[in-house]
Structure formats: structure tokens, C-alpha cells
2 protein chains.
Amino acid sequence: MRSPEDLTVAFRVAGLKVTPQRQLLFRLLHNNSSHPTADSLFNVASELMPGISLRTVYQTLTDLAEMGELQSIEVGSGSMRFDPNISDHHHAVCDNCGAVHDVYVNRAPELRGLDDFSVSDARIVYRGLCGACSVASDS
Amino acid sequence: MRSPEDLTVAFRVAGLKVTPQRQLLFRLLHNNSSHPTADSLFNVASELMPGISLRTVYQTLTDLAEMGELQSIEVGSGSMRFDPNISDHHHAVCDNCGAVHDVYVNRAPELRGLDDFSVSDARIVYRGLCGACSVASDS
DNA sequence: TGCTAATTAGCAATAGTTGCAAATTAGCAA
DNA sequence: TTGCTAATTTGCAACTATTGCTAATTAGCA
Ligand SMILES: [Mn+2]
Ligand SMILES: [Mn+2]
Ligand SMILES: [Zn+2]
Ligand SMILES: [Zn+2]
């Protein structure tokens, strides 16, 4: 995702308004690698801007995703995660603490057993234990 | 997933009862490669056994999954898919018709960019067009 | 400063799933 | 075969995540 400054320009160019709510979310998302949910963002945003609506958070996330500034990912946690990292990457989810980490693979794995399917996208979700949780569970 | 006959024995051994509802679901799931949702199974089951409850379908699917006879997968279609194929495999989802196909990969792709994460499972979801839909969209 | 289309907030509605409790029933023992 | 009882089924309420709708507000421009 681009910087809050760049997004401000991009929104105006697209005929969209730059509201304080949107500016706050631009800031909260920029360089955010926590893969937040709409609700977790809403909680943080609410402290900085009491009264902001969860609906507005959803709306802005949808706008950003449609503009290609965000990617939305589904890792089986029940709710959608939003990712300002739009590079081609995958995710590792800790079964213990739920943290979602970025993962890069050398090469998308080849298919076997499916003849005529034209792949446009492949997403991998790894599950296991993150570093911190592995250490914590050592006996 | 094992055969309805084997499951009948397995359920009794586990102290679970073998009801007509469960037997029907055993049959509907055996060799079923459609990756059905609870609701799609409920619809089929309802024709064969009017009055069966969606709640019972969910319950039986949960039981089978807990016994390791089914795997539940999430491909981003909004609802959980149930898969009697419990071999190590992945899925290809057609963006046009929504069909879910089994996919086997030669080797689990190696990680890069994540040092200490102990992977216990990796799931790949491919998206694109299935054979039928590719043909149909040829100009 | 005023206009107006875009946005926000609040709340209803929706989809998928699970919790709960009363009624029913499979499986066992007598 | 009959009766008992714990497991199961059903129906419905509740719940979570998300979207639809709309009146009130406001950013951006003239
Ligand atoms: Mn990511
Ligand atoms: Mn499968
Ligand atoms: Zn962890
Ligand atoms: Zn298709």
C-alpha cells in the first residue's frame, strides 16, 4: 500500500473524498504487517477517533482493496484479514497465538492430477507454531 | 472416508449411535468428490429423508471430522466445504462455476523469509478456470 | 460562502454456524 | 420382548462477520 500522502492524492484523483476517518485508516494501515481484521482496526481507530464507525472501517477497507492498495486474505480465523503488503506472498498462521506472518516461496508448486485448469492465482496457508510459541512450549 | 458399513461399526465402537440420519449422510458422503457444503448436503438429504434437520447435518459432519473421517476446507466461498478425501491434497477453485477440484502437488513448497516457524500443515488454494469454463469462454 | 455529490454513522438484515432444551430413539440388559 | 437410559434429533434462539439502507453530515469545488 502506498503512503498516506500518496493515497490522499490517489483518492482525490479518483473523485473520492479524503476524510479524517480515511486519513486515520491510511496511517493505521501503512507499514502494518499484523494482518488486522476490520474489527481490530476499528478498536485501534476508536481510541484515536472516538465515534468512528465500524461501518466506515469496512467501507474504507473495501475501497482500498478495490483500488488494489490492499489485499484481503482468508486464513481460517473466521474473519477477513487485510494486508497492505500487495507483493506476491503467502502466509503462515500460528495455531497457538493466531499471528499471521508473511511467507515467500521460491516457486509456485506445480500441479499434478488436474489436466485442464488454467491457474490465475495460488495461495498457500501454512499452519504450525511461530518462533515465540515454539520456544514457550519447550519443556 | 471409510465405507458406510465400516463407519457403522466405527460409530458403535466409539459409543455413538447409528441413526437413519447418519446412515444417509454416510452414503451421501462416500466417494463424494464434490466438496459439498452443509447446506448442499442438507438439500440432497432432505429429498431422501424429508424432515431431516440442517442441525443434524452439521452435527454429523462435525462428528465425522472429529473422528478424522472427513476434512473440512475453506476455499473462500463463504461456507465450509467437507471432503471425504482425507489424503494429503490441495484444491483448485473455478472462479466461474465455483467447482472445487482435488489437486496433488509434487512437493510441499519450501519456505523463504521465515526463520523460526515449525510448519505442521500447508494448504494451497488455486484459483482460475476449470476445463469446462475455459472452453465456454473461448471466443 | 454555498452547493452538491460523496461519505458517515447507525441500525436493520443477512448468511453461516453453534448453543440449548425438550422430545425422541438406538442399543443394551433383563 | 420389554424397559431403561444415554445419545441423538429437532426447532429455534443466539451469535459473528459482513453488507444494505438511509438520513444527516461534510469535503471539495465554484
Ligand atoms: Mn501478508
Ligand atoms: Mn478435496
Ligand atoms: Zn504463536
Ligand atoms: Zn468452472
request  = Kindly work out whether a path of hydrophobic side-chain contacts (I/L/V/M/F/W/Y, heavy atoms less than 4.5 Å apart) joins B/Leu48 to B/Leu61.
outcome  = yes

task = Check whether any side-chain nitrogen or oxygen of A/Thr56 sits under 4.0 Å from OP1 or OP2 of C/dA9, and answer yes or no.
result = yes

Using atom names, set out every protein N or O paired with an N or O of nucleotides 19-22 of chain C below 3.5 Å, distance rounded to 0.1 Å.
from   : atom 1 : to      : atom 2 : distance (Å)
C/dG19 : N7     : B/Arg55 : NE     : 3.3
C/dG19 : N7     : B/Arg55 : NH2    : 3.1
C/dG19 : O6     : B/Arg55 : NE     : 2.8

request  = State, to 0.1 Å, how close A/Asn96 and A/Cys133 come at their nearest heavy-atom pair, and which atoms those are.
outcome  = OD1-SG, 3.0 Å

query = What class does the angle between the rings of B/Phe117 and A/His101 fall in, given that below 30° is parallel, 30 to 60° is tilted and above 60° is perpendicular?
reply = perpendicular

key: Protein-nucleotide distance (B/Tyr58, atom OH; C/dG16, atom P), rounded to Å   = 7 Å

inquiry  = Using 0.5 Å steps for rounding, measure from the CD1 atom of A/Ile52 to the CZ atom of A/Arg22.
reply    = 11.0 Å

ask   = From B/Asn32 CG over to B/Ser40 OG, what is the distance, rounded to the nearest 0.5 angstrom?
value = 8.0 Å

request  = Compare every heavy atom of B/Pro4 with every heavy atom of B/His30, then report the nearest pair and how far apart it is.
outcome  = CG-CD, 3.7 Å

ask   = Once you round it to whole Å, what is the distance between P of D/dT25 and CD of A/Gln59?
value = 20 Å

ask   = With sequence neighbours excluded, what pairs up with B/Asn43 under the side-chain contact (heavy atoms from CB on, under 4.5 Å) test?
value = B/Asp39

key: B/Leu7 side, atom CG; B/Leu64 side, atom CG - distance, nearest 0.5 Å   = 6.5 Å

inquiry  = For a quick test of reading the model, state the closest non-hydrogen atom pair linking A/His89 to A/Val103 and the distance between them.
reply    = CB-O, 3.4 Å

message = Classify A/Ser79 by what it touches in the nucleic acid, base, sugar-phosphate, or nothing, heavy-atom distance under 4.0 Å.
response = sugar-phosphate

task = Return the value, rounded to whole Å, for the distance between atom CD1 of B/Ile52 and atom C1' of C/dT25.
result = 15 Å

note = Symbol by symbol from the 5' end, with Watson-Crick or G-U pairs under 3.5 Å, [ ] crossing and | another strand, DNA chain D is ||||||||||||||||||||||||||||||

key: Atom-to-atom span, CZ of A/Phe11 to C1' of D/dT26 - whole angstrom   = 16 Å

message = I'd like to check B/His91 versus B/Ile73 (side-chain heavy atoms, cut-off strictly below 4.5 Å). Are they in contact?
response = yes

inquiry  = Looking only at the side chains, is there a donor atom on one of B/Asp102 and B/His35 sitting less than 3.5 Å from an acceptor on the other?
reply    = yes

Taking only N/O atoms, report every protein-nucleotides 28-30 of chain D pair under 3.5 Å with atom names and distance.
from   : atom 1 : to      : atom 2 : distance (Å)
D/dG28 : OP1    : A/Arg12 : NE     : 2.7
D/dG28 : OP1    : A/Arg12 : NH2    : 3.3
D/dG28 : OP1    : A/Val18 : N      : 2.9
D/dG28 : OP2    : A/Arg12 : NH2    : 3.2

request  = Using atom CZ of B/Arg22 as one end and atom P of D/dT10 as the other, report the distance to the nearest whole Å.
outcome  = 11 Å

ask   = With sugar-phosphate meaning primed atoms plus P, OP1 and OP2, does A/Gln21 contact a base, only sugar-phosphate, or nothing at under 4.0 Å between heavy atoms?
value = sugar-phosphate

key: Sole candidate of A/Val75, A/Val93, A/Val105 that passes side-chain contact (heavy atoms from CB on, under 4.5 Å) when paired with A/Tyr126   = A/Val105

query = Considering heavy-atom distances to DNA chain C, does B/Leu54 or B/Pro20 have its closest nucleotide positioned more toward the 5' end?
reply = B/Leu54

task = May I ask you to decide if A/Gly76's main-chain N or O and A/Glu74's side chain share a donor-acceptor pair within less than 3.5 Å?
result = yes

ask   = Do B/Phe82 and B/Leu16 share a hydrophobic cluster (ILVMFWY, side-chain heavy atoms under 4.5 Å, transitive)?
value = yes

Could I get a table of every N or O pair under 3.5 Å where one atom is in the protein and the other is in nucleotides 12-15 of chain C?
none

B/Asn43 CG to C/dG16 P, straight-line distance once rounded to whole Å = 11 Å

key: Spatial distance of atom CZ (B/Phe42) from atom CG (B/Leu25) [nearest 0.5 Å]   = 11.0 Å

query = Closer to the 5' end of DNA chain C via nearest nucleotide, is it A/Asp63 or B/Thr37?
reply = A/Asp63

task = To the nearest Å, give me how far apart CG (A/Leu24) and P (C/dA9) are.
result = 11 Å

task = Walk me through it: do B/Asp83 and B/Arg81 pass the test salt bridge (Lys or Arg N to Asp or Glu O under 4.0 Å)?
result = CA-CA 7 Å; B/Asp83 193 349; B/Arg81 303 298 192 110; over 6 Å; no

query = Rounded to the Å, how far apart are A/Leu61 CG and D/dA17 P?
reply = 15 Å

task = Taking the side chain as every heavy atom from C-beta outward, state whether B/Tyr58 and B/Ser53 have any pair of such atoms under 4.5 Å apart.
result = no

task = Give me the residues of residues 2-9 of chain B where at least one heavy atom lies under 4.0 Å from an atom of DNA chain C, by number, or none.
result = none

